[in-house]
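What follows is one structure encoded as structure tokens, with my remarks underneath.
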Amino acid sequence: DAKTTQPTSMDCAEGRAANLPCNHSTISGNEYVYWYRQIHSQGPQYIIHGLKNNETNEMASLIITEDRKSSTLILPHATLRDTAVYYCIVMRTNAGKSTFGDGTTLTVKP
Amino acid sequence: NAGVMQNPRHLVRRRGQEARLRCSPMKGHSHVYWYRQLPEEGLKFMVYLQKENIIDESGMPKERFSAEFPKEGPSILRIQQVVRGDSAAYFCASSPGLNSGANVLTFGAGSRLTVL
């Protein structure tokens, strides 16, 4: 599975959009991009995933560049409860395990 | 529709004792994954199982650790002769399988093991 690179930490003002980048320059054609987050010491929570097209759900939007070498997770109106570690994972179709890196610690400030 | 259920949520053991952690996957999910998170560290994959089969145990320590997912009942992560370094949060996740292409994991709340 392709390796991902994320910034260690980011801050965001409450109510503003949080844009979390992820580089996956070695991604293969059959690999999906997944985003999870872990709030404090809770179990990780799935956010969104995509293959080629941009995706949106009730939690976030995922923007994948045309060459698929990077992506951005967008939380449109960040709240204090969005403070968490955000993990970007790349994994091929029909793969089993997901490998979590160090993620980005997002701190939403009032 | 209950999510992934893990128990116990907290477990305290003395060095040398055994720890058994249980995980019941979401209804309809046939794949189970175990991850370990040491204090102040990230999630580390341990093992991936289907019913009665271990598919990938590349993250399991060579000794003292074992996992099973029997035909009936929950998945069990067993740690024999625990040591202080085993103190961690152990997370279980489940997924419906790989037939749909994407493999989205649903995680439980975790079991926190403390070894005295």
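Order of the sequence lines fixes the chain letters, A, B, ..., with proteins taken first and strands second; residue numbering starts at 1 for each chain. These numbers come from a predicted model, not from an experiment.
Chain B is approached within less than 4.5 Å, heavy atom to heavy atom, by A:Tyr36, A:Gln38, A:Ser41, A:Gln42, A:Gly43, A:Pro44, A:Tyr46 from residues 35-46 of chain A, ordered by number.
With hydrophobic clusters built from ILVMFWY side chains whose heavy atoms lie under 4.5 angstrom apart, B:Val115 does not share a cluster with B:Leu38. Note: the hydrophobic cluster containing B:Leu77 does not contain B:Val83 (ILVMFWY, side chain heavy atoms under 4.5 Å, direct or indirect links). Under a hydrophobic clustering in which Ile, Leu, Val, Met, Phe, Trp and Tyr are joined whenever their side-chain heavy atoms come within less than 4.5 Å, directly or via other members, A:Val33 and A:Leu75 fall into the same cluster. The hydrophobic cluster containing A:Met91 also contains B:Phe107, counting ILVMFWY residues as joined when their side-chain heavy atoms lie under 4.5 angstrom apart, directly or transitively. Both A:Leu51 and B:Val104 are part of a single hydrophobic cluster, where members link through side-chain heavy atoms under 4.5 Å apart.
Both the backbone and the side chain of B:Leu43 come within less than 4.5 Å of a heavy atom of chain A. Heavy atoms closer than 4.5 Å to chain A are found in the side chain of B:Gln37, but not in its backbone. Residue B:Ala89: no heavy atom, backbone or side chain, is found under 4.5 Å from chain A. Only the side chain of B:Ser58 comes within less than 4.5 Å of a heavy atom of chain A; its backbone N, CA, C and O stay farther away.
Surrounding CE of B:Met60 are more than 12 heavy atoms belonging to other residues, nucleotides or ligands, all under 6.0 Å away. Within a 6.0 Å sphere centred on CD of B:Gln81, other residues, nucleotides and ligands contribute 12 heavy atoms or fewer. Under a cut-off of 6.0 angstrom, the local environment of NZ in B:Lys51 is crowded, with over 12 non-hydrogen atoms contributed by other residues, nucleotides or ligands. The local environment of CG in A:Asn54 is crowded, with over 12 non-hydrogen atoms from other residues, nucleotides or ligands closer than 6.0 Å.
Between B:Asn103 and A:Tyr32, the closest side-chain pair of non-hydrogen atoms is not below 4.5 Å. Using a 4.5 Å cut-off on side-chain heavy atoms (C-beta onward), B:Phe45 and A:Thr99 make no contact.
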